[in-house]
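Once you've had a glance at the structure underneath, I'll fire off some questions.
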Protein chains: 2
Amino acid sequence: MENKEEKQLVGVKEIARRANVSTATVDRVLNNRSGVSAKTKERILEIVRELDYKPNIMARRLASRKTLAFAVLIPGVSEETGYWAAPLNGVNKASGELKDFGITVDTYFFDQNDKSSFIANASQILDRKYDGVVLAPMFEDESVAFIRECEASGIPFVFINSDIEDQHNLCYIGPDLFQSGYLAGHLMHYILRAGQKALIVNISKEMDLHHHLLRKEEGFRKYFSEKKQDVTLLKTDIRKTDYASIRSELHRILDEHQVDVIFVTNSRVSSVARFLEENSKTDILLAGYDFLDENIRFLKREVVDFLICQKPQEQGYRGVMALYETLVHQHSLPREQFMPIDIITKENYVYYQN
Amino acid sequence: MENKEEKQLVGVKEIARRANVSTATVDRVLNNRSGVSAKTKERILEIVRELDYKPNIMARRLASRKTLAFAVLIPGVSEETGYWAAPLNGVNKASGELKDFGITVDTYFFDQNDKSSFIANASQILDRKYDGVVLAPMFEDESVAFIRECEASGIPFVFINSDIEDQHNLCYIGPDLFQSGYLAGHLMHYILRAGQKALIVNISKEMDLHHHLLRKEEGFRKYFSEKKQDVTLLKTDIRKTDYASIRSELHRILDEHQVDVIFVTNSRVSSVARFLEENSKTDILLAGYDFLDENIRFLKREVVDFLICQKPQEQGYRGVMALYETLVHQHSLPREQFMPIDIITKENYVYYQN
DNA sequence: CTGAAAGCGCTTACAG
DNA sequence: CTGAAAGCGCTTACAG
């Protein structure tokens, strides 16, 4: 009872009463605005501590006419890949939740095959003076140029989906590429016997994106070099993404070698699945990345055995939320937030969230 | 610009102005309280629609001195199993987020091996007239008796972790047991060759809990009956949970049969792992359930190969949130919310969230 | 059935 | 450096 009453009273008013000042002054201290004598400030802070005062966040946002605007810069959904629909979803979800709190989120899309579209969007964002930015820094040089400008303007930014090291980003939210490749190695080793062959397939046009695939390949190789050296690892880099190119390369390599498992280092696994199906080679174990419709289709038909997925939706959601937590609640966040490495199979995909 | 200004104005005041009534009357309609003439009500509703008015949830909760209290009834963390620490975590997380919104959450713990403790806690909850209840309805009869009373008092309730069919629960949030067993079958079949043997191990004392294990076993069996009939499935029910009992039973069965994989249908997999390790049988593929410290320890040492986990923390979190969504936001929720079936390995456990 | 007034806990000009 | 007053958008008694 005592406790309850005490709780009721703890607010700026009570603090003001105890400190013998007005609520305006308490407010100044609480929000650490200037214009309060050191003595008064200390007195108030002391009372705050004593009372273990926690501001009512709702009253705060209600009263404050302040409004924040965030910008999100990510690839658009292309017909080539639906991947970015998921992060966008997450961004929209966060945006919906934050609307009531006076925060707006604008999204800008660039073309993964066109650096200039990244640059154009970035410069628009700079013009509009946002309070925070979430971006997928796929193009390294262009991204660095952009965030230099952000820093100059004091605009905080967070990276999602891919990272650039040693930058002043608030945090990175995305996959640990190496580790996911390593996991794929583990999953596949169960089926491989001595002397059998595994094929690694990297499919991508853009050099910047190709780097990512190589990290996964490294992880995959690492597993076998550590745990199972009696299998042969083959690899192919396919630098064109149309099906005809993929088909001819797979033909070439699979005619030459008897392969038992195939690891595709990105969402392009559906093209490989199509090839295997068309050529009645579905007995080959096939694994790849991402919860996309076309991939799930092949998973259902048991052409694809596993998909690895790293919560793309959550990356978008958390990216926006990271800005919110930092700017509104002054929380500090871990610099690196690696997503879980989820394994999707025919049996669990219906329940996958994200 | 136009738009913005319009947005600014939309509030109870503007609605009241347009409808030529006071804000109190608008409030009555908005919250569907009685005491408004049908005509006035319709007029106001019309304006609300026209303006696409959305109430400011923060102002609402600030002004309303109303406060809700939820009760959560789950097993306590015992030395036998740390499983319930996770749902409790989720409950606490939700509770923290909702505190600002004037919602308190009280948690009651019962003993999984003692039905009377369930009954005692349930009756306390009933006495205290909560606005909503989250419970793990492990003991079917006792749970049904309890929720009958809740219904009589008009208290909504949600089930987590296990379900009782055909009740008037708001929703069920938890695993699909059958499907997780089926998935385990899939994971293990990769390694099994014709003529090899898989052993299913069910370890539990309480009959009510044993049912759950049997559902998982059914799923597991189903996989093999559909996809791989050339392996032999052995099984054992161990109805004592101390290590000595488990050891002697495993000794018996493994001496008799040459087993290649073992599927433990709950978190007791660590006891089996201990046995395998002590008896140098770690070459047997071992899978079980739940992200618990003791299980992870064996996962790291590669004694356990896979753990299946169904986001226990999220079950607690969502259970509480389900009440909040329903009671505060009047959202309606899907009756069944199955958790994802996560596969935990040595490679991805560090990133597992939940 | 309806309204005027006060209040939720905080912030914002404005005045001194 | 400080305070009185008004206000954020809603709800709550109270009076009629």
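Labels below follow one simple rule: chain letters A, B, ... track the order of the sequence lines, proteins then strands, and each chain is numbered from 1. The model shown is predicted, which means the values in this text are computed figures rather than measured ones.
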Looking across every strand, which nucleic acid part, if any, lies under 4.0 Å from B:Arg28 by heavy atom: base, sugar-phosphate, or nothing? base

Nearest-Å distance, CG (A:Asn32) to C1' (C:dC10)? 16 Å

The side chain of B:Ala63 is closest to which nucleotide in this list: D:dG9, D:dC1, C:dT12? D:dG9

Does B:Ser37 make a side-chain N or O approach to OP1 or OP2 of C:dT2 shorter than 4.0 Å? yes

Atom-pair distance (CZ on A:Arg60; P on C:dC10), nearest Å: 8 Å

With pairs taken as Watson-Crick or G-U wobble and both distances under 3.5 angstrom, which stems of at least three consecutive pairs involve DNA chain D? C:1-3 with D:14-16, C:5-12 with D:5-12, C:14-16 with D:1-3

B:Arg17 CZ to C:dG3 P: how many Å, rounded? 15 Å

If I take atom CG in residue A:Asn56 and atom P in nucleotide D:dC10, what distance separates them, rounded to the nearest angstrom? 16 Å

A:Arg49 (side chain) donor-acceptor with A:Ile44 (main chain) under 3.5 angstrom: no

Quick one: which of D:dA4, C:dG9, D:dA13 gets closest to the side chain of A:Ala24? D:dA4

Between the side chains of B:Tyr172 and B:Asn161, does any donor sit under 3.5 Å from an acceptor? no

Taking the minimum atom-to-atom distance to the side chain of B:Val36, which one of D:dA5, C:dT2, C:dG9 wins? C:dT2

How are the rings of B:Tyr351 and A:Phe338 set to each other: parallel, tilted or perpendicular (split at 30° and 60°)? tilted

Residues B:Arg335 and B:Asn169: side-chain donor-acceptor under 3.5 angstrom: yes

Do A:Phe159 and A:Leu135 come close enough that some side-chain heavy atom pair is under 4.5 Å? yes

Can you tell me if A:Lys39 touches the phosphate of D:dC1, counting only side-chain N or O atoms and a distance under 4.0 Å to OP1 or OP2? no

At under 4.0 Å, does any side-chain N or O of A:Arg33 touch on OP1 or OP2 of C:dT12? yes

If I take atom CD in residue A:Glu14 and atom P in nucleotide C:dC8, what distance separates them, rounded to the nearest angstrom? 13 Å

Assuming nearest nucleotide by heavy-atom distance, tell me which of B:Gly35 and B:Leu62 is located more 5' along DNA chain C. B:Gly35

Run the salt-bridge test on B:Lys129 and B:Asp127 with the 4.0 Å N-O cut-off and return the result as yes or no. no

Given atom CG of B:Asn20 and atom P of C:dG3, what is their separation to the nearest angstrom? 8 Å

Atom pair CE/CD1 of A:Met138 and A:Ile74 - distance to nearest 0.5 Å: 9.5 Å

Measuring to OP1 and OP2 of D:dT2, would you say a side-chain N or O of A:Thr40 lies under 4.0 angstrom away? yes

Of the listed nucleotides (D:dA13, C:dC8, D:dA4), which one gets closest to any side-chain atom of A:Ser22? D:dA4

Would you indicate, yes or no, if D:dG9 has its OP1 or OP2 atom less than 4.0 angstrom from a side-chain nitrogen or oxygen of B:Lys54? no

Using a 4.0 Å heavy-atom cut-off across all strands, classify A:Val26 as base, sugar-phosphate, or nothing. nothing

How close or far is atom C1' of D:dG3 from atom CD1 of A:Ile44, stated in whole angstroms? 12 Å

For the ring-ring contact (aromatic ring centres under 6.0 Å, His included) test, which of A:Tyr108, A:Phe109, A:Phe110 pairs with A:Phe118? A:Phe110

With respect to the phosphate group of D:dT2, does any side-chain polar atom (N or O) of A:Thr25 fall under 4.0 Å of OP1 or OP2? no

Rounded to whole angstroms, how far apart are CG on B:Asn31 and P on D:dC10? 10 Å

Check the phosphate of D:dT12 against B:Ser64, side-chain N and O only, distance under 4.0 Å to OP1 or OP2. Yes or no? yes

